[in-house]
Number of protein chains: 2
Amino acid sequence: MKTIEEFLESKNIRVTAMRLLIYKFLAEKLVAVTLSDIENAFEKADRTTLYRTIKTFEEKEIVHQIDDGTGITKYALCEKGCNCEIETDLHLHFHCNNCNETICLTEHKIPQIKVPDGFVSENVNLVVKGICDKCSGQ
Amino acid sequence: MKTIEEFLESKNIRVTAMRLLIYKFLAEKLVAVTLSDIENAFEKADRTTLYRTIKTFEEKEIVHQIDDGTGITKYALCEKGCNCEIETDLHLHFHCNNCNETICLTEHKIPQIKVPDGFVSENVNLVVKGICDKCSGQ
DNA sequence: ACAATAAATGCACTTCCATTGCATTGGTTA
DNA sequence: TAACCAATGCAATGGAAGTGCATTTATTGT
């Protein structure tokens, strides 16, 4: 078990206090978060720093971006099993219409999608919307 | 074969010059368009009018909205076979990373997606990204 | 045909998120 | 320790979505 510091360094990400905090915040969250979510969690930090930190994490492939159709970009840590750097690795995101949370269903792989002749598929974005387990249990 | 006027009236949409123009514009396009696309096509018209016209078309279910992950909402006319008013009717959208166009693949239905226990699926958004037939033929 | 009514349009404005430029701070390295 | 480069913070911009209100246009009833 590596420390977070070691992990970040192994990904060529310089370790700073802010980055550690943001990484921990993402790690605690089980759902994808927006920039504003992070902003609200760290009122002291500047929005730009958070933005650029996330972008750095994205470039270094420890975070991936999720477009769940709410119009606001969300981000989540890549987990074991998430090979989002491999374009053909496709997993599912679930957006709850009730609590508005978006969850990575890393273990749910997407079936191969057929496209018409002449089309080349490089990437697939699949978002299922509905009611999540927490909300449906109410 | 109904005229456009008759068609709009059958959907309880009042016919105006602007609406006819916008409808024809959408009908000519084989791809989904953004509000800005429409705006550029009709420089005389106000953006608000275009915006509200599209919203009206959407409400009356002759246009559907597409979220292709570019961050900009696109719209396309519903075609025969597109029953987008039925939430379980799901068809595929293809976004070309080369020409940036988004196409409705109405005839390609989405396979049933399994979600974990406790999750209720109401709606699915599936966008395949890659290279379209026109661009791949180059 | 005309007045009353309702819908459509146009203009101005606001909000929200994403993104960039630039100056400053802070950490690394020669 | 000086020089350098990356990270941070502040300010500002841009783009898209959405709203309020006044005006124009169309519809309806008398």
Side-chain angles (χ1 to χ4, degrees), chain A residues 4-26 32-60 62-76 95 100 102 125, chain B residues 4-6 8-26 32-60 62-76 95 100 102:
Chain A
I4 298 177
E5 283 88 340
E6 285 167 345
F7 173 69
L8 292 180
E9 277 167 6
S10 77
K11 293 282 184 175
N12 279 317
I13 300 170
R14 289 204 182 189
V15 176
T16 68
M18 201 63 237
R19 288 176 175 180
L20 280 173
L21 285 173
I22 295 175
Y23 184 90
K24 283 176 191 163
F25 177 76
L26 291 172
V33 299
T34 65
L35 254 199
S36 298
D37 290 338
I38 308 178
E39 206 180 345
N40 293 333
F42 302 101
E43 301 211 350
K44 288 195 220 158
D46 186 78
R47 193 187 160 75
T48 313
T49 304
L50 304 176
Y51 174 75
R52 287 201 255 240
T53 300
I54 284 288
K55 289 293 165 192
T56 301
F57 283 2
E58 229 186 313
E59 273 169 33
K60 304 299 185 182
I62 67 170
V63 154
H64 67 265
Q65 194 172 328
I66 300 163
D67 171 21
D68 64 6
T70 55
I72 302 165
T73 305
K74 296 189 177 177
Y75 304 91
H95 177 74
N100 204 35
T102 298
N125 181 36
Chain B
I4 298 177
E5 283 88 341
E6 286 167 344
L8 291 180
E9 277 167 5
S10 77
K11 292 283 185 177
N12 279 316
I13 300 170
R14 292 200 181 191
V15 177
T16 68
M18 202 63 237
R19 287 177 176 181
L20 280 174
L21 284 173
I22 295 175
Y23 183 90
K24 284 176 191 163
F25 177 75
L26 291 171
V33 299
T34 65
L35 256 198
S36 298
D37 290 337
I38 308 177
E39 205 180 347
N40 294 333
F42 303 101
E43 300 211 349
K44 287 194 220 159
D46 187 78
R47 218 178 47 77
T48 313
T49 304
L50 304 175
Y51 174 73
R52 289 202 254 240
T53 299
I54 284 288
K55 289 294 165 191
T56 301
F57 284 1
E58 230 186 315
E59 274 170 30
K60 304 298 185 181
I62 68 170
V63 153
H64 67 264
Q65 193 173 330
I66 299 162
D67 171 21
D68 65 5
T70 54
I72 301 166
T73 305
K74 295 188 179 178
Y75 303 90
H95 177 75
N100 204 35
T102 298

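Computed from heavy atoms alone, side chains included, the values below leave out hydrogens, waters and symmetry copies. All of these numbers come straight from a predicted model, not from anything done at the bench.
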(request) Give the minimum heavy-atom separation between A/K74 and A/N100, together with the two atoms involved. (result) NZ-O, 3.0 Å

(message) Just the rounded figure in Å: distance from C1' of C/dC17 to NZ of A/K74.
(response) 14 Å

(request) Please state how far atom CD1 in B/I72 lies from atom C1' in C/dT19, giving the value in whole angstrom units. (result) 14 Å

(message) Quick check: do B/H95 and A/N125 have side-chain heavy atoms less than 4.5 Å from each other?
(response) no

(message) Taking the side chain as everything from C-beta on, heavy atoms only, tell me whether A/F7 gets closer than 4.5 Å to A/I62.
(response) yes

(request) Could you grab the distance from atom CD1 of A/I66 to atom OG1 of A/T102, nearest 0.5 Å is fine? (result) 6.5 Å

(request) Working to the nearest 0.5 Å, report the span between CD1 of B/I54 and OG1 of B/T49. (result) 12.0 Å

(request) Sequence neighbours left out, what passes side-chain hydrogen bond (donor to acceptor under 3.5 Å, both in side chains) with A/T70? Give chain and number order. (result) A/D68

(request) Tell me, please, which residues at least two apart from A/T34 pass side-chain hydrogen bond (donor to acceptor under 3.5 Å, both in side chains). (result) A/D37

List every contact pair, protein side and nucleotides 23-30 of chain C side both N or O, where the distance is under 3.5 Å.
none

(request) Nearest-nucleotide wise, let me know which of A/D46 and A/R19 is further upstream toward the 5' end of DNA chain D. (result) A/R19

(request) List for me each residue that meets salt bridge (Lys or Arg N to Asp or Glu O under 4.0 Å) alongside B/K24, sequence neighbours excluded, and say none if there are none. (result) none

(request) Report the residues that fulfil salt bridge (Lys or Arg N to Asp or Glu O under 4.0 Å) with A/K55, sequence neighbours left out, ordered by chain and then residue number. (result) A/E58

(message) Tell me every residue that passes ring pair (Phe, Tyr, Trp, His ring centres under 6.0 Å) with B/Y51, counting only those two or more places apart in sequence or in another chain.
(response) none

(request) Would you please name every residue forming a ring pair (Phe, Tyr, Trp, His ring centres under 6.0 Å) with A/F57, sequence neighbours left out? (result) none

(request) Using only side-chain N and O atoms of B/T16, determine if any of them is under 4.0 Å from OP1 or OP2 of C/dT9. (result) yes

(message) Taking 4.0 Å as the cut-off, does a side-chain nitrogen or oxygen of B/T49 come that near to OP1 or OP2 on C/dG10?
(response) yes

(request) Under 4.0 Å from any atom of DNA chain C, heavy atoms only: list the residues of residues 33-43 of chain B that qualify, in numerical order. (result) none

(request) Give, ordered by number, those residues of residues 50-59 of chain A having at least one heavy-atom distance below 4.0 Å to an atom of DNA chain C; if nothing qualifies, reply none. (result) A/Y51, A/R52, A/K55

(message) Can you pull out every salt bridge (charged side-chain N to carboxylate O under 4.0 Å, His left out) where at least one residue sits in residues 39-53 of chain B? Sequence neighbours excluded, please.
(response) none

(message) Between B/I13 and B/R47, which residue's closest nucleotide on DNA chain C lies nearer the 5′ terminus?
(response) B/I13

(request) Heavy atoms of chain A, cut-off under 4.0 Å: which first and last nucleotide of DNA chain D, 5' to 3', fall inside that, if you could look? (result) D/dA6 to D/dA11

(request) Using the test side chain to side chain contact (heavy atoms under 4.5 Å, CB included), find all partners of B/T73 that sit at least two apart in sequence or belong to another chain. (result) B/Q65, B/Y75

